[in-house]
Novice: 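Mind having a look at this structure? Questions to follow.
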Protein chains: 2
Amino acid sequence: MKLTSKGRYAVMALVDLARFDNINPVSLRDISLRQGISLDYLEQIFSKLRKKEIVQSVRGTQGGYVLNKKAKEIKLTNIFDAVDEKVKTVQCKKESKKGCNGKSTKCLTHNLWDELENHINNFFEKKSLEDLIKDNVERRI
Amino acid sequence: MKLTSKGRYAVMALVDLARFDNINPVSLRDISLRQGISLDYLEQIFSKLRKKEIVQSVRGTQGGYVLNKKAKEIKLTNIFDAVDEKVKTVQCKKESKKGCNGKSTKCLTHNLWDELENHINNFFEKKSLEDLIKDNVERRI
DNA sequence: TGATACTTGACTATTTTAGTCGGGTATATA
DNA sequence: TATATACCCGACTAAAATAGTCAAGTATCA
């Protein structure tokens, strides 16, 4: 079980963005330099964030990205969802003969993965971008 | 973020084992048939479980595996640890220039992943094999 | 009109996953 | 003692996912 870089980068980039977008849009180039993330990869990630209306883009010189909502309203769930960083546990395919079919001893652990998924998603639903920024400022003092 | 089959299989197999090992050892062949998991793959998994002293092996005809501890004492943490199903979030390599080096805006999200890791591990540390079996019996009624 | 910066889609090397395969060794039972 | 059962061990591999790269755009500001 692991968190992939895509999700990590998305969160890092958005925290970075949230701290600098007071007046002007923030370019991916700047984020790329500050966070050490490949520009091309960032473009892929922000394309997804834009489609899910987490950020807005401003084209042209002095362009960049701006948050599309208040940092308080952007939850980790939304970010991970946007970049396809899902919490996958069991996939109970109805077509498959093996695995979960609701019969006999199979899928003994079905409920476990459900619980786990809820447990993790619960964490993600509570945390907002604002929380992350505040947390960071506090520890910085 | 996903849970891989290895961890899933390990838990499924152990729940199966725990329910059948009252008197005799349980063979991987039986578990394989009941749970629909490849025998060869199960052998790999049980080799690891044995090395971490979660199960004991009995060789020869009528052989198989037996739990090495009480189901109550085997936590999910132990199982996942045995089969290398780790909860990985950030790796802050000291060697790398990029990523987490404790400076400036980098690793803004460091604490987040720590928290997440604790949150998940907390779940795994509480759940025992016994819990899973009980849970299953209850829902079966 | 040129530089900046977003936009899009295709391509690719690397790593991880989920096995398979081929050889063993130990032991109960006939 | 022969044999079948079942654990034991290491090497190999196909397929999928990951983490990018690359190329060719379009919009906008100065």
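Chain letters run A, B, ... following the sequence lines, proteins first, then strands; residues in each count from 1.
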Novice: A/Ser38: what forms a side-chain hydrogen bond (donor to acceptor under 3.5 Å, both in side chains) with it, not counting sequence neighbours?
Specialist: none

Novice: In this structure, how many angstroms lie between the P atom of D/dT21 and the CG atom of A/Leu39, rounded?
Specialist: 10 Å

Novice: Whole Å only: how far is the CZ atom of A/Phe46 from the C1' atom of C/dT8?
Specialist: 17 Å

Novice: Using whole Å, what does the distance between atom P of nucleotide C/dT7 and atom CG of A/Leu28 come to?
Specialist: 9 Å

Novice: By side-chain hydrogen bond (donor to acceptor under 3.5 Å, both in side chains), which residues pair with B/Asn121, not counting sequence neighbours?
Specialist: none

Novice: Rounding to a whole Å, what distance do you find between A/Asp30:CG and C/dC6:C1'?
Specialist: 14 Å

Novice: With rounding to the nearest 0.5 angstrom, report the CD to CG distance, A/Gln35 to A/Leu28.
Specialist: 12.0 Å

Novice: Could you say whether A/Asp40 or B/Ser57 is positioned toward the 5' end of DNA chain D, judged by the nucleotide with the nearest heavy atom to each?
Specialist: B/Ser57

Novice: Please round to the nearest 0.5 Å and tell me the distance separating atom CD1 of A/Ile37 and atom CD1 of A/Ile45.
Specialist: 6.5 Å

Novice: Not counting sequence neighbours, which residues clear side-chain hydrogen bond (donor to acceptor under 3.5 Å, both in side chains) with A/Ser5? List them please.
Specialist: A/Arg8

Novice: For A/Ile45 and D/dT18, give me the distance from atom CD1 to atom P, rounded to whole Å.
Specialist: 13 Å

Novice: Specify the separation, in whole Å, of atom NZ of B/Lys48 and atom C1' of D/dC9.
Specialist: 13 Å

Novice: Rounded to the nearest Å, what distance is computed from the CZ atom of residue B/Arg29 to the P atom of nucleotide D/dC8?
Specialist: 18 Å

Novice: Side-chain polar contacts of residues 47-68 of chain B - donor-acceptor pairs under 3.5 angstrom, sequence neighbours left out - could you list them?
Specialist:
unit_1  : atom_1 : unit_2  : atom_2 : d
B/Lys48 : NZ     : B/Asp84 : OD2    : 2.8
B/Asn68 : ND2    : B/Glu53 : O      : 3.0

Novice: Scan nucleotides 15-19 of chain C against the protein and return all N/O pairs shorter than 3.5 Å with their distances rounded to 0.1 Å.
Specialist:
unit_1 : atom_1 : unit_2  : atom_2 : d
C/dA18 : OP1    : B/Ser5  : N      : 3.2
C/dA18 : OP1    : B/Ser5  : OG     : 3.1
C/dA18 : OP2    : B/Ser5  : N      : 3.1
C/dG19 : OP2    : B/Tyr9  : OH     : 2.8
C/dG19 : N7     : B/Gln44 : NE2    : 3.3

Novice: Checking all strands, does B/Tyr65 fall into the base, sugar-phosphate, or nothing category for heavy-atom contacts under 4.0 angstrom?
Specialist: sugar-phosphate

Novice: Just the rounded figure in Å: distance from C1' of C/dT4 to CG of A/Asn24.
Specialist: 14 Å

Novice: What distance do B/Asn118 atom CG and B/Phe123 atom CZ have between them, rounded to the nearest 0.5 Å?
Specialist: 15.5 Å

Novice: Under 4.0 Å, counting only non-hydrogen atoms across every strand here, what does B/Ser47 touch: a base, just sugar-phosphate, or nothing?
Specialist: nothing

Novice: Sequence neighbours left out, what passes side-chain hydrogen bond (donor to acceptor under 3.5 Å, both in side chains) with A/Lys127? Give chain and number order.
Specialist: B/Glu115

Novice: Can you check each nucleotide of nucleotides 23-30 of chain C against protein heavy atoms at under 4.0 Å and return B for base, S for sugar-phosphate only, - for none, in 5' to 3' order?
Specialist: -BBBBB--

Novice: Looking at B/Arg50, does any N or O in its side chain come under 4.0 Å of the phosphate oxygens OP1/OP2 on D/dC9?
Specialist: yes

Novice: With sequence neighbours left out, write down each residue that passes side chain to side chain contact (heavy atoms under 4.5 Å, CB included) with A/Lys69, or none if nothing qualifies.
Specialist: A/Glu73, A/Ile74

